[in-house]
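Here the structure is a predicted model, which is why all the values come from computation and not from measurement. Each chain gets a letter, A, B and so on, in the order the sequences are listed, and its residues count up from 1.
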Amino acid sequence: MPNLKSQKLSLLLALVLVLTTSGCAEQKPAEKAWKQYFDDAKFLDIQDKREEARSNYEAALCKLPGEKFEQDWRAELVARIARIDVIEGKLDDADKRASEAMQLASDPRAQGPNHGEVLVALDDLAESYSERSYKSKPDKARCLEMAIKILDKASASRAQKVEQRSACELAVEYIMTGKDAKAAPLEKRVIEEAIESKKWTPLRDIAAAYGYVDNKKKVNEYFEKAKELITKKNKETIIKSSYLMELADLYMQNDRLDDAEKTMIELLDLLKPRPGNADMYERLATIYGAKGEVEKAKDNWRLAIIEDTKRAKQKAMRHRLEAYARYLRSIKDGDARVIQQQADGMRDDTY
Amino acid sequence: MSRLSLIRDKKFRDHITPEEHPESPARLVALDNMMHSMSLNETFNELAPRAASVEDIASVHSLDYIAELEEGSKEAIELGRLIPLDADTFMSPKTFETAKLSAGAGLVAVEAVASGERDSSFVAVRPPGHHALADKSMGFCLFNNIAIAARHAQKTLNAKRVMIIDWDVHHGNGTQAMFYDDPSVMFCSFHQYPFWPPDSGWYTEDGSGEGRGYNLNIPLPNGTGDRGYFEAFDRLVKPVCHEYQPDVILLSAGYDAHELDPLAQQRVTTLGFAMMSQRLADLRDQTGAKLICFLEGGYNTQSLSESALATMQILNAEGAEASAIVQTSYAIPAASGDSPVTQDRSPDAVDERIIDIRRHFGKYWKTLR
């Protein structure tokens, strides 16, 4: 028969076991302080060890003391976990956390110590949404909307450049999907900010979106607005060529390859007398590659490389050769190895 | 009790430069005035400098060069005017003595952290030092204060590994040259590139012989801004520091990357420097290293004194809560809706550069792979 003392000890041990395996304690060894978890998490995050970073962030959140500055640290922690959610495509979780982080950051008690880092974390979060919008077509509008919301909250008036970029991307998305009413307020914002910052390229992007839906009247309106912001003599050519390139990209992204090819040929005709068309030839090569027209693709890759040799830019040529080698590998062409060797032979220390 | 010893002295104003020269005694006057106006005169453990001996200086400089500078000062006394050593660097009658005191201040700073009571020091001196070569003055610099201190730390603290971080906007070419083949001193420099000195500080300059991989240059494009500096610190310096595990961290604390500085275009704000200083304090606390900062450049007297004080206050704070309190004053503009740290996300060129550097140094440092 066990004695009473050992029974009490067993009960105590069981209680300790229950306590230490429930709730927050489940996620980490008990000895670390919240700041240590936080530091470790940030370090792991930098190294792209996301799951380990996440568990350390979560542990830090659990251990965060209810002190004067709690809201500040909490806002940063939640924003950083949300960023990992976005990168991993868990957008429902991310949206919830992003909203929480924004709410925490707006709390007057959170606006002081560590606030700089909170803003940085929110800015990183917005950037991750923005990157996600490129990677996942179905999530594009949703991610851009959230990116703008966060930047509006976090960046205040001086982040116009960043906001302008996201607002412009979202306007393009709406125009291309026929949601003109949603696009209108964003267009207004892009135009105002373009005039203020004297940057015309967002106007070109919106013109390209209207070109994509074949609204020539709107394209011309944006051309006229862009002209007002360019001081160089050959402004017509600058706008037209830049527009055609953007339009070709939109066609490419949406698998309208014949339209993309036609647009790029129009662009090359426009720029024919000028040197330095390497990027254009590469784009045309990519279009032919996507269409499965291998010989035409190879011809244009070679033309791009010849243009690079004229410019004598080692770094650009190395990147071009690497891209060509990648293409050749994708079609299992035996020349890929030779081209890759040529790329490897280029110097990489040129600025 | 304060964590930080401050070494400053009015004698550092005795090194005279021509009128309108950016590296003027007014820089230290502004710092003293700001400390006074913020009632910070009693905050730090203040120590007086002592002049470095020829033997100390000769740990990194040639004896001929030391003698040459001594002669320069004598000539300045005899002729009663400034003696130019190059287009930017001058000897005044008291320059030699001041330069020895400047180098000696670093020795005092090392000894202050060696005693164990305090783990950080700030050396508010001039002339600055990080461009000075073993046998040549350069870019306002005469003796390489930080290099002399690094050698002293190896002797006094028996430091096996010394890490020098240089966030002056110009490449610390002198410091690099002194430890280029020496793995016991790791050198990391953030600098605008291309800039001054010309063709100096590209990331492929990564050390030689046994020192290969221990010279980490971070050449940053014009207009990098706060966010770009944070990225470079977090993605390069921090992981390498954790892998290197230094016993001592020395900082070449130039503040000429500030947005108000007249000589450069990097657009770092005072809040940015405060947040960089916090990162440095975190490295100190996480690695257990001693930390000593050496004033280098910074030519707008207001931004220099504000930012240098931000560094001092943050390094002096004990614990997360205290450092948060210190940071409040720097974060207030951000909290009120004017957010300098996010005013422009760093240019794409910065991200690309950091990726290139990580790729290059991945062969030396596991943590960058």
Set of side chain to side chain contact (heavy atoms under 4.5 Å, CB included) partners for B:Ser208, sequence neighbours left out: B:Tyr180, B:Asp181
Rounded distance [0.5 Å steps], CG in B:Asp226 versus CG in A:Leu119: 11.0 Å
Per-residue contact mode, B:Asp234 against chain A (heavy atom under 4.5 angstrom): both
Portion of B:Arg359 that has a non-hydrogen atom of chain A nearer than 4.5 angstrom: neither
Structural part of A:Asp45 lying under 4.5 Å from a heavy atom of chain B: neither
Segment of B:Gln278 engaging chain A (4.5 angstrom heavy-atom cut-off): neither
Any side-chain heavy-atom pair of A:Asp124 and B:Arg227 under 4.5 Å: yes
Heavy-atom check, side chain of B:Met275 versus side chain of A:Val120, under 4.5 Å: yes
Within 6.0 angstrom of A:Gln103 CD, more than 12 heavy atoms from elsewhere: no
Spacing of A:Asp39 atom CG and B:His242 atom NE2 [to the nearest 0.5 Å]: 8.0 Å
Nearest atoms (heavy-atom pairs only) where A:Gln47 meets B:Thr367: NE2-OG1, 2.7 Å
Value rounded to 0.5 Å, distance of NZ in A:Lys35 from CG in B:Asp285: 8.0 Å
Salt bridge (charged side-chain N to carboxylate O under 4.0 Å, His left out): pairs with one or both residues in residues 236-245 of chain B, sequence neighbours excluded: none
Heavy atoms of other groups near B:Asp356 CG, more than 12 under 6.0 Å: yes
